[in-house]
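Because the structure is a prediction, the values reported are computed rather than measured. Numbers for residues simply follow the sequence, beginning at 1.
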Amino acid sequence: MTPNKKAPGKSHRNGISLFQLMQMFPDETSARKWFESIIWQDGVARCHRCGGANTYEVPSGKPLPHRCRDCRKHFSFRHGTLLEDSHVPLQKWAIAIYLLVTSLKGVSSMKLHRDLDITQKTAWHMLHRIRHALSGSGISMSGKVEVDEAYIGGLERNKHESDKLKAGRGSVGKSAVVGIKHRDSRQVSAQVIDDTRRTTLHGFITEHATEGATVMTDDFISYRQLDDCKHEFVRHSAGECVVGETHINGIESFWSMLKRAHKGTYHKMSGKHLNQYVGEFAGRHNIRELDTSEQMASVVASSFIGRRMMNRELTGGVDGRLH
């Protein structure tokens with residue numbers, strides 16, 4: 001029986017139950033073969049250093065399972081990926097990927113540490129590595145696009161007295177984010193921004209919307225005088241939500257999901273790592289139409305490869321932006 005595409009949620013997709021997940025990854029060998037089949041799709045173990053295919057498997061698996069005849073170096077599929085230097089079993093990595101791509105509001109490090117029987121610190125690092133993989137890169141969009149900005153953070157009145165900025169209400173103490181959503185493909189690209197001035201928002205639109213695109217926004221003053229595109233807007237200040245085909249309901253729905261995750265799952269998103277969380281939600285949104293197995297594979301195939309992330313990048317003195 002073909003699932004009804006009008007059924008609630010994404011019922012037309014083929015999901016994976018927890019029981020099926022355990023059957024997919026009963027041990028380390030099955031998890032390793034799954035990762036290798038995605039990273040080396042042609043079945044050939046390629047050296048991450050020279051890219052050569054003149055390799056062979058080391059019978060003992062030591063010091064590493066493969067060796068390149070060209071550069072004479074040992075290697076494994078982990079090299080150059082977010083799995084490099086990780087001592088967490090591959091079975092747990094596969095389960096962590098499953099949990100993050102199937103959880104609309106994300107997964108906290110505390111929950112992952114309990115589910116996988118690992119430390120909270122390890123769970124936190126794993127989640128940030130997968131977020132980095134999900135974030136991908138910016139998307140260039142043509143046709144009709146929706147653009148909107150939002151503010152992420154706690155309310156001043158709910159903060160401890162010593163943490164209050166005492167500089168007003170509304171957006172005070174929150175971080176500004178901006179996003180763009182394609183009306184037809186429903187793809188989203190979003191990022192943290194320093195401010196919501198005209199030059200900042202226009203720069204984001206120019207980077208993500210092609211020349212001649214129809215850009216839909218609200219009536220925020222910073223969106224005025226957009227060049228090289230057709231600009232349509234709804235007057236939220238006058239109570240307008242939809243005018244014909246002009247609205248920004250799609251991107252506002254994306255912000256709604258992110259804000260519910262902030263309040264209900266994470267409770268706090270530090271400014272240092274906020275861009276990672278925004279990238280995670282955009283990445284998960286962009287693969288939501290795929291079957292669960294395809295979602296998991298796409299994270300590994302298109303994002304894990306060449307996106308190594310070390311712990312010092314997360315805990316050091318960086319600003320949390322993805323470069």
Is it the case that the side chain of [X] and the backbone of [Y] share a donor-acceptor pair, with hydrogens and angles ignored and the cut-off at 3.5 Å?
{"X": "Q91", "Y": "P26", "answer": "yes"}
{"X": "T206", "Y": "H202", "answer": "yes"}
{"X": "E240", "Y": "V234", "answer": "no"}
{"X": "N286", "Y": "V188", "answer": "yes"}
{"X": "T210", "Y": "A213", "answer": "no"}

Test log, rule side chain to side chain contact (heavy atoms under 4.5 Å, CB included), inputs M216 and H247
CA-CA 7 Å; M216 302 180 185; H247 62 80; 5.8 Å; no
Which heavy atom of [X] sits nearest to which heavy atom of [Y], and what is that distance?
{"X": "R46", "Y": "A53", "value": "NH1-CB, 3.3 Å"}
{"X": "M110", "Y": "H113", "value": "O-CD2, 3.1 Å"}
{"X": "H182", "Y": "M141", "value": "N-SD, 3.6 Å"}
{"X": "V215", "Y": "L226", "value": "CG1-CD1, 4.0 Å"}
{"X": "A94", "Y": "F35", "value": "N-CZ, 4.1 Å"}
{"X": "K105", "Y": "Y266", "value": "O-CE1, 3.8 Å"}

Derivation of the side chain to side chain contact (heavy atoms under 4.5 Å, CB included) call for D218 and I248:
CA-CA 7 Å; D218 57 20; I248 55 172; 4.0 Å; yes
Approximate separation, where rounding is to 0.5 Å, of [X] [atom1] and [Y] [atom2]:
{"X": "Q295", "Y": "L134", "atom1": "CD", "atom2": "CG", "answer": "9.5 Å"}
{"X": "R183", "Y": "T214", "atom1": "CZ", "atom2": "OG1", "answer": "9.5 Å"}
{"X": "E146", "Y": "E232", "atom1": "CD", "atom2": "CD", "answer": "11.0 Å"}
{"X": "S189", "Y": "E207", "atom1": "OG", "atom2": "CD", "answer": "7.5 Å"}
{"X": "L201", "Y": "T196", "atom1": "CG", "atom2": "OG1", "answer": "6.0 Å"}
{"X": "M126", "Y": "I118", "atom1": "CE", "atom2": "CD1", "answer": "5.0 Å"}

Check the hydrophobic clustering (I, L, V, M, F, W, Y; side-chain heavy atoms under 4.5 Å; chains of links allowed) and say if [X] and [Y] are grouped together.
{"X": "F220", "Y": "V242", "answer": "no"}
{"X": "V58", "Y": "I39", "answer": "no"}
{"X": "F233", "Y": "W255", "answer": "no"}
{"X": "V299", "Y": "L99", "answer": "yes"}
{"X": "I95", "Y": "F19", "answer": "no"}

Indicate yes or no: does K144 engage E245 in a salt bridge with an N to O separation below 4.0 Å.
yes
In plain terms, say whether E36 and R32 are close enough for a salt bridge, that is, a side-chain N and a carboxylate O under 4.0 Å apart.
yes
Do [X] and [Y] come within less than 4.5 Å of each other through their side chains, counting heavy atoms only?
{"X": "D148", "Y": "F254", "result": "no"}
{"X": "M296", "Y": "I16", "result": "yes"}
{"X": "T81", "Y": "V300", "result": "no"}
{"X": "Q191", "Y": "H208", "result": "yes"}
{"X": "V178", "Y": "I205", "result": "no"}
{"X": "I152", "Y": "K174", "result": "no"}

Could you go through residues 64-76 and list every donor-acceptor pair under 3.5 Å that involves a side-chain atom there, pairing it with any protein atom two or more places apart or in another chain?
{"from": "R69", "atom 1": "NH1", "to": "N54", "atom 2": "OD1", "distance (Å)": "3.2"}
{"from": "R69", "atom 1": "NH1", "to": "T55", "atom 2": "O", "distance (Å)": "3.4"}
{"from": "D70", "atom 1": "OD1", "to": "N54", "atom 2": "ND2", "distance (Å)": "3.4"}
{"from": "S76", "atom 1": "OG", "to": "R78", "atom 2": "N", "distance (Å)": "3.2"}

Would you please test H48 and E84 for side chain to side chain contact (heavy atoms under 4.5 Å, CB included) and show each step?
CA-CA 12 Å; H48 73 286; E84 186 166 351; 5.6 Å; no
Report the C-alpha separation of V88 and H125 in whole Å, then their side-chain angles, then the decisive distance to 0.1 Å, and conclude whether the side chain to side chain contact (heavy atoms under 4.5 Å, CB included) test is met.
CA-CA 11 Å; V88 176; H125 192 192; over 6 Å; no
So with a 6.0 Å cut-off around CZ of R260, is the heavy-atom count from everything else above 12?
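Above 12, so yes.
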D117 atom CG, over 12 foreign heavy atoms within 6.0 Å:
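Not buried by this count: 12 neighbours or fewer within 6.0 Å.
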[Y] versus [X], side-chain donor and acceptor atoms under 3.5 Å:
{"X": "R131", "Y": "S135", "result": "no"}
{"X": "T217", "Y": "H231", "result": "yes"}
{"X": "H132", "Y": "R129", "result": "no"}

Quick check on the 6.0 Å ring-centre criterion: do Y277 and H273 meet it?
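Distance test on ring centres: not under 6.0 Å, no.
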